[in-house]
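First the structure, in the form of structure tokens, and then the observations on it.
The first residue of the sequence shown is numbered 1, and numbering continues consecutively from there. The figures here come from the full heavy-atom set of this structure, side chains too, leaving out hydrogens, waters and symmetry mates.
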Amino acid sequence: MRRRTTTVGVDVGSGFSKAAVIDHGQSGPRLTGLATAPNEADTERGGTIGDLERVADTLSSMFRRERITPRDVVIGIGGRDVLSKVIEIDRMDEAEARAVMPWEAEQHVPFDMKNAELDFAIIDPDGEGSTMSVLLAAAKRDVIETRVALLRRADLNPTTVDVEALALRNAFEANHPAAMRDVTVLVDIGAHSTAIHLLRNGLPLLTRELATGGPTADGLDECARRIARGIDRAGAFVETGPGIARVYLCGGGAAASGLVEILAETTRVETRLANAFARIEVAPDVADRADLGSVAPMLMLSVGLALRSPVRGG
């Protein structure tokens, strides 16, 4: 067994497939490779993949073109088939929590538990109170199996399945530390849908899916109006405090000309484009890419997936 020092994050979106390669060195994460490839229409909608063979071919070609050699990858699951939520339970050790988590999850997971994969992390393991905060994650098993089958068709080996909301959170923490304070909204704008993630002090509170994708040339105002309304509704979830402190946009539709300015004016909240490489070291050959700046918001998820610690493999 050997310790791998590289993690590859793969994000299959409705507009593009993306990959980011992160080397985990002693000085911190370093981006050593990236790739993007356009997908044909209706490749992915709401977490559902259309033609698996066609998407697998796109992924294989993308890896070959950019000479990405690692086959072990981290993938993400999102949409309405996934739940990530902070819950409060009686304080107990991890073994006890694992035993009771299926019962606790039944009170929060909105889909059939018989077809669900669960995981959790204790947020305050050293706390002294009678209760503790737990980050609960659940996903439909058939959705996971479909994603795994897709990657294997592309001759890739998915070693880890992450929750997209948590991977995005990790990417924001690495690149935009201010997003870990107060209440932050992360808006991931895809070709056909938008995910609005609400964080408070770095912890995920809420994810809402909007049936609104990136703006077309003549639909900017309507797109911005719908996203602004989604941000406002997410902010209403915060019952106390000063409300939303900042908004960051990411995803393939985030860089549409004028969108940041319109959302800032409409929501009256500081709004910025996310940058997947703002604080992550970039290898010289990657830094020389002409498209590095333009793909920075689009690669937030794949970078977040690649920030997963390396695992042991052959």
Side-chain angles (χ1 to χ4, degrees), residues 7-11 13 18 20 22 24 28-29 31 47 74-88 108 117-125 133-139 160-190 193-210 227 230-231 234-235 237-238 241 244-252 254 269-280 296-310:
T7 308
V8 182
V10 174
D11 168 23
K18 290 85 70 178
I22 295 287
H24 301 265
L31 183 75
V74 179
I75 60 173
I77 303 293
R80 293 179 174 84
D81 297 323
V82 174
L83 169 91
S84 59
K85 183 178 182 181
V86 177
I87 64 174
E88 294 289 324
H108 302 279
E117 294 288 346
L118 297 176
D119 203 355
F120 71 94
I122 300 173
I123 295 172
D124 54 342
S133 298
V134 175
L135 177 59
L136 173 67
T160 304
V161 179
D162 206 347
V163 175
E164 291 182 357
L166 304 184
L168 277 173
R169 179 249 175 237
N170 290 340
F172 275 93
E173 181 180 37
N175 289 289
H176 301 285
M180 299 297 105
R181 301 195 306 268
D182 307 314
V183 177
T184 298
V185 175
L186 315 179
V187 184
D188 186 9
I189 306 172
S193 63
T194 295
I196 296 180
H197 306 283
L198 186 70
L199 303 181
R200 180 162 55 193
N201 295 326
L203 295 178
L205 291 181
L206 176 75
T207 294
R208 291 192 183 276
E209 294 284 332
L210 304 180
I227 293 175
I231 293 171
F237 186 80
V238 183
I244 298 172
R246 62 194 68 83
V247 173
Y248 279 90
L249 309 185
C250 66
V269 177
E270 176 187 357
T271 304
R272 298 181 179 179
L273 270 182
N275 182 346
F277 328 119
R279 289 174 175 259
I280 292 178
M298 182 193 302
L299 286 169
M300 283 298 293
L301 177 53
S302 52
V303 166
L305 294 168
L307 285 171
R308 274 276 197 167
S309 297

Work out which heavy atom in [X] is nearest to a heavy atom in [Y]; give both atom names and the distance.
{"X": "Ser302", "Y": "Lys18", "value": "OG-CB, 4.0 Å"}
{"X": "Ala306", "Y": "Val8", "value": "CB-C, 4.3 Å"}
{"X": "Ile196", "Y": "Ile231", "value": "CD1-N, 3.6 Å"}
{"X": "Gly79", "Y": "Glu209", "value": "CA-OE2, 3.5 Å"}
{"X": "Leu305", "Y": "Gly9", "value": "CB-CA, 3.8 Å"}
{"X": "Asn275", "Y": "Ala296", "value": "OD1-CB, 3.3 Å"}

Under the side-chain hydrogen bond (donor to acceptor under 3.5 Å, both in side chains) test, residues paired with Asp119 that sit two or more places apart = none
Quick one, [X] and [Y] - any side-chain contact, counting heavy atoms below 4.5 Å?
{"X": "Val185", "Y": "Val247", "result": "yes"}
{"X": "Leu136", "Y": "Leu83", "result": "yes"}
{"X": "Glu164", "Y": "Leu301", "result": "yes"}
{"X": "Leu31", "Y": "Ile22", "result": "yes"}
{"X": "Pro29", "Y": "Leu307", "result": "yes"}
{"X": "Thr7", "Y": "His24", "result": "yes"}
{"X": "Leu166", "Y": "Leu135", "result": "yes"}

Inter-residue atom distance [X].[atom1] - [Y].[atom2], 0.5 Å rounding:
{"X": "Asn170", "Y": "Met300", "atom1": "CG", "atom2": "CE", "result": "10.0 Å"}
{"X": "His108", "Y": "Ile87", "atom1": "NE2", "atom2": "CD1", "result": "4.5 Å"}
{"X": "Leu299", "Y": "Ile280", "atom1": "CG", "atom2": "CD1", "result": "10.5 Å"}
{"X": "Lys85", "Y": "Thr207", "atom1": "NZ", "atom2": "OG1", "result": "11.5 Å"}
{"X": "Cys250", "Y": "Leu273", "atom1": "SG", "atom2": "CG", "result": "9.5 Å"}
{"X": "Leu205", "Y": "His197", "atom1": "CG", "atom2": "NE2", "result": "13.0 Å"}

message = Can you classify the ring geometry of Phe172 versus Tyr248 as parallel (below 30°), tilted (30 to 60°) or perpendicular (above 60°)?
response = perpendicular
query = Any salt bridge (Lys or Arg N to Asp or Glu O under 4.0 Å) pairs touching residues 168-187, not counting sequence neighbours?
reply =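 Salt bridge (Lys or Arg N to Asp or Glu O under 4.0 Å) check on residues 168-187 returns Arg169-Glu173, Asp182-Arg246.
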ask   = Ignoring hydrogens and geometry, is there a side-chain-to-backbone donor-acceptor pair from Asn175 to Arg279 under 3.5 Å?
value = yes
request  = Keeping the roles fixed (side chain from Ser133, backbone from Ile123), state whether a donor-acceptor pair exists under 3.5 Å.
outcome  = no
ask   = Taking Leu198 as the fixed residue, which of Thr184, Val183, Leu186 is the one that meets the side chain to side chain contact (heavy atoms under 4.5 Å, CB included) rule?
value =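 For Leu198, the side chain to side chain contact (heavy atoms under 4.5 Å, CB included) check succeeds only for Val183.
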